[in-house]
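So that the names make sense, note that chain A is the first sequence line, chain B the second, and so on, each numbered from 1. Being a predicted model, the structure only gives us computed values, none of them experimental.
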Number of protein chains: 2
Amino acid sequence: MSTTAVLRRFNRTYTQRIGVLEESFLGLGRPLAVSRLLFEIGATEQSGGATVRDLRERLDLDSGHLSRMLRTLEREGLVETIPDPADQRRRVARLTPAGHTARQELDDRSEELAARIVAPLTDRQRARLTDALATADLLVRAATVRLREVPPDDPAGRDALQRYLDEIDARFAHGYVTSGPVATEPGSTYVLATSDGEPVAYGGIRPAADPTTIEIKRMWVHSDWRGAGLGSRMLRHLEALAAERGATRIVLDTNEVLEEAIAMYDRAGYCRVDRYAGSDPHATHFFEKVTAPR
Amino acid sequence: MSTTAVLRRFNRTYTQRIGVLEESFLGLGRPLAVSRLLFEIGATEQSGGATVRDLRERLDLDSGHLSRMLRTLEREGLVETIPDPADQRRRVARLTPAGHTARQELDDRSEELAARIVAPLTDRQRARLTDALATADLLVRAATVRLREVPPDDPAGRDALQRYLDEIDARFAHGYVTSGPVATEPGSTYVLATSDGEPVAYGGIRPAADPTTIEIKRMWVHSDWRGAGLGSRMLRHLEALAAERGATRIVLDTNEVLEEAIAMYDRAGYCRVDRYAGSDPHATHFFEKVTAPR
DNA sequence: ATATTTCTCTGACTAAAGTCAGACATCGTG
DNA sequence: CACGATGTCTGACTTTAGTCAGAGAAATAT
């Protein structure tokens, strides 16, 4: 069966068998959406609560609708909203002690529901299901990652860049001298991949000396996401951008400590070349790929 | 990570990433539930349409609610309902030509959505996802199969019984003499497992001569469902019923052609014994299991 | 033939979800 | 400090969902 057929069949099974159960199980007197909201607020607690805007985006709700649900939860004494000290227009929602209790209850119910669903399975089946769902989870997440261009000084991009540097630093036995944030170069473009708003991959292109050559810079994939094909997807995306800009040759450099990256470049059809002009002084491996002129 | 944790995480991923997409994609002006209904009616077309009762069960809807949705579809000219010739109280719903078109459109959209979801994946990833979802589908279905007691003359039970006999017949090289429907024996209980209303497993118990012994009869698992652990689940269920009725010993017989069944009984702790009184004349293998008295 | 059960339908609701316009406060910028 | 942008809220809806009682027709049991 084709992937789409399997996906569609699974979707039917899933919504029918599990979606339905969920609603009847997690209601607890409240409408399901309100329960979900309570849950979501709780999920952001350690970072000091969520702003209304965050919640709206995460749950994809209308502003009026969300506001009303927040009032409902406040009336029940489960949530309190206070103005964000950093910006008084914003309001952050936080759970009250009673809210924590209610959320814990929800969590318990959810756990119980999951336990009930898998209860009829044998240990071996349960292990197979765990495996299958973990794989599916990773791949569905990977498939729905969003790539978008960001300015070089975008905070999420900066964050990704910092992690990239940290990792080289941590892996680099000889102590890597962080070169600090790069200045914006004309013609360079950076792309950020996010999942649930979290940066999961980053990379960019910049023109090289030769006008038909473009250099790929600062490719990074979040460590939790290695092996999900995100690296090659980002690479293909950047190659497409380079092609749009008329490049027929792509170069890039990397450091020997980034073994997975090197393997990926090999797989993606890059050839090892000598150090090229303009490469990073700390780089140890150099690649190029010549693409057919359009 | 535990199975429940993986299941819950997957559930979040799935509803957030795919559930949401689905609604925006498959609405097409109609409320989603109406679209689903249209789809479901179409799915039963080759068998001459679905009765209202069938639809109600499959979609788990209130009678009034469903009736109104059917009127909506009729008003749009997509569906027509006619009294069931076999039973004039029932009504069967069928798609009109326009309904077929609308359903096809839905189907296309659904296919397109699925294709879009998997588009960013590489071939290898797609294959992994297909695998994982097919496994998860089977296991989720298996986990949510419903077991219920049925009277010996329940039509679904009869159907299951017939398939059981057919299969022995087909496999039995020497030509099996079908013994016809068994008369209801006092104290016997039959259990039917259904998935989407389809019988997928069947079995029953009946008291043996010895009052502390109960015999398990007519265990059958749908061929599509072998290997999903349904057989052992049914077996455990019947054993529990037998225990409730005070049995401390369970016997059963089967035919050598049903190899998987024999393997299952071995795995489930049954010992091979000699032919016992009251066993089926065509049976070739006999088992017993002594359970601790309560 | 009468009573009972089964099946679908309508009426009359309540609850939840989702929309849209605009009020009001606050922030950043020139 | 005026001005546009941003962020949240309320009011005033419309649409879907979901419930429940009971009417009326047809089948089945007594």
Asker: Ignoring backbone atoms, test whether R71(B) places a side-chain nitrogen or oxygen under 4.0 Å from the OP1 or OP2 oxygen of dT10(C).
Answerer: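 For dT10(C), OP1/OP2 do have a side-chain N/O of R71(B) under 4.0 Å.
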Asker: In the 5'-to-3' direction, what one-character label does each nucleotide of nucleotides 16-21 of chain D receive under the scheme B = base within less than 4.0 Å of a protein heavy atom, S = sugar-phosphate only, - = no such atom?
Answerer: SSBBB-
Asker: Considering just the side-chain nitrogens and oxygens of R56(B), establish if one lies under 4.0 Å of OP1 or OP2 belonging to dT8(C).
Answerer: yes
Asker: T13(B): what forms a side-chain hydrogen bond (donor to acceptor under 3.5 Å, both in side chains) with it, not counting sequence neighbours?
Answerer: D137(A), R141(A)
Asker: With T3(A), which residues qualify under side-chain hydrogen bond (donor to acceptor under 3.5 Å, both in side chains), at least two apart?
Answerer: T130(B)
Asker: Please check if any side-chain donor atom of R91(B) sits under 3.5 Å from a side-chain acceptor atom of T81(B), or the reverse.
Answerer: yes
Asker: Does atom CD (E57(A)) have a neighbourhood of more than 12 heavy atoms from anything else shown, all under 6.0 Å?
Answerer: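 Not buried by this count: 12 neighbours or fewer within 6.0 Å.
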Asker: Anything under 3.5 Å between a protein N or O and an N or O of nucleotides 1-4 of chain C, put it in a table, one pair a line.
Answerer:
none

Asker: What I want to check is whether the side chains of R71(B) and S67(B) have a donor and an acceptor closer together than 3.5 Å.
Answerer: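 Their side chains do contain a donor-acceptor pair, which is all the 3.5 Å distance test asks for.
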Asker: Hey, does R58(A) have a side-chain heavy atom less than 4.5 Å from the side chain of T44(A)?
Answerer: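 Yes, close enough: below the 4.5 Å cut-off.
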Asker: Could you check which of dC27(C), dT8(D), dC9(D) has an atom nearest any side-chain atom of S67(A)?
Answerer: dC9(D)
Asker: Donor-acceptor pair, R233(B) side chain versus L147(B) backbone, under 3.5 Å?
Answerer: no
Asker: Which residues within residues 73-87 of chain A lie with some heavy atom under 4.0 Å of an atom in DNA chain D?
Answerer: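 Result for residues 73-87 of chain A: none.
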Asker: Identify the heavy atoms of L61(B) and R56(B) that sit nearest to each other, and give their distance.
Answerer: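 Heavy atoms of L61(B) and R56(B) come nearest at O-CG, 2.8 Å.
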Asker: Evaluate the side-chain hydrogen bond (donor to acceptor under 3.5 Å, both in side chains) criterion for residues R8(A) and S110(B): first the C-alpha distance (whole Å), next the side-chain angles of each, then the deciding distance (0.1 Å), finally the verdict.
Answerer: CA-CA 8 Å; R8(A) 290 177 64 191; S110(B) 175; 2.8 Å; yes
Asker: Taking only the side-chain nitrogens and oxygens of R53(B), find out if one of them lies under 4.0 Å from OP1 or OP2 of dT6(C).
Answerer: no
Asker: Which residues pass the ring-ring contact (aromatic ring centres under 6.0 Å, His included) test with Y14(A), not counting sequence neighbours?
Answerer: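 Partners of Y14(A) by the ring-ring contact (aromatic ring centres under 6.0 Å, His included) criterion, ordered by chain and then number, come out as F10(A), F10(B), Y14(B).
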Asker: Record whether the side chain of R91(B) comes under 3.5 Å of the base of dT8(C) through a donor-acceptor pair of N or O atoms.
Answerer: no
Asker: Is the count of non-hydrogen atoms from other residues, nucleotides or ligands lying under 6.0 Å from R94(B) atom CZ greater than 12?
Answerer: no
